[in-house]
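As structure tokens, the structure follows; a few thoughts come after it.
Index from 1, following the sequence. Whatever order the structure lists ligands and atoms in, that order sets their numbers, starting from 1. Computed from a prediction, not measured in an experiment: that's the story for all the values here.
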Amino acid sequence: MYTKINEAYEYIHSRYDGKIDIAIILGSGLGPLADEIENPIIIDYQDIPHFPVSTIPGHEGKLYIGTIANKTVCAMKGRFHYYEGHDMDIVTLPIRVFAKLGIPYLFVTNACGGIRDDLNPGQITLISDHIGFMAPSPLRGPNLDEFGPRFKDMTEVYSKQLQEIAKNAAKKTNVSLKEGVYCFFKGPMFETPAEIRALKAIGADMVGMSTVPEAIVARHSGMTTLGISLVTNKAAGLGQSELNHQEVMEAADQAEVNLVKLVKQIIQDM
Ligand code: HPA
């Protein structure tokens with residue numbers, strides 16, 4: 001694993017060797033934030049050793065390095081999902097590379113299904129905590145001591161301080177922002193209504209197929225993380241109709257203006 005991390009790191013470092021403040025994973029709907037990055041260096045995943053090429057519509061497969069609000073950001077347009085068949089160490093490879101690049105902050109974003117009654121399509125929601133025990137841990141296997149300890153504390157995976165900044169930024173920009181617990185579901189199929197009832201009973205407010213592996217690895221590496229979910233649909237059995245990827249993409253498109261506005265303000269306020 002060290003070899004893979006180092007080779008990917010060396011390539012990105014050869015393209016940009018300055019300091020980077022924030023890494024951002026752009027989930028469905030936040031892709032347009034990449035267009036806000038000034039003077040970007042754009043790196044194709046296919047040029048980065050060991051980065052897989054994304055296979056999902058709406059996930060592009062490019063790394064953008066440039067500035068937003070006078071901060072240097074490195075944004076992934078397109079991420080790697082467990083359901084695509086990647087092992088967890090490949091899903092989270094970019095995070096380890098970001099840690100090695102010395103990036104202190106990670107913003108991780110996603111589209112999700114709303115489980116809690118007040119989480120309707122279009123709602124932007126801070127991830128206050130997560131439930132991820134239904135999937136293998138990305139930290140399973142030999143511990144990468146260079147990054148963090150074998151048994152890492154997970155009390156505050158999502159930084160309270162960044163959540164406060166985000167809440168204030170939401171007020172300033174007049175964007176509705178709620179918070180909730182995000183639950184990882186392996187996918188690629190959506191959940192059944194019975195599964196959603198079960199997730200609700202164990203304390204989940206939102207459900208999605210990403211984010212948790214990356215946030216765990218970021219925490220292991222000592223990065224400070226902010227998680228933002230965009231609710232694109234009511235979770236299975238709670239809405240009117242069957243779920244489909246098209247609906248998710250359309251809801252994400254509609255909310256993207258607010259999401260971009262909010263994230264820019266957060267970056268400015270950090
Ligand atoms: N379930 C899982 N992942 C999702 C959903 C959902 O309802 N909506 C968007 N991503």
Open item on the list: I'd like to know whether CZ of Arg140 has more than 12 heavy-atom contacts from other residues, nucleotides or ligands below 6.0 angstrom.
Closed with: no
Task: All side chain to side chain donor-acceptor pair (under 3.5 Å) counterparts of Asp87, not counting sequence neighbours - done: none
Open item on the list: Quick check on side-chain contact (heavy atoms from CB on, under 4.5 Å): which of Tyr105, Phe147, Phe98 does Met223 satisfy it with?
Closed with: Phe98
Task: Greater than 12 external heavy atoms within 6.0 Å of Asn174's CG - done: no
Open item on the list: If the condition is side chain to side chain donor-acceptor pair (under 3.5 Å), which residues does Arg197 pass it with, not counting sequence neighbours?
Closed with: none
Do any nitrogen or oxygen atoms of ligand 1 lie under 3.5 Å from a protein nitrogen or oxygen, and which ones?
residue	atom	partner	partner atom	Å
ligand 1	1 (N)	Glu191	OE1	2.9
ligand 1	1 (N)	Glu191	OE2	3.1
ligand 1	7 (O)	Asn233	ND2	2.9
ligand 1	8 (N)	Gly113	N	3.4
ligand 1	8 (N)	Asn233	OD1	2.7
ligand 1	10 (N)	Ala111	O	3.4

Open item on the list: Applying side chain to side chain donor-acceptor pair (under 3.5 Å), can you list everything that pairs with Lys264, at least two apart in sequence or on another chain?
Closed with: Glu36
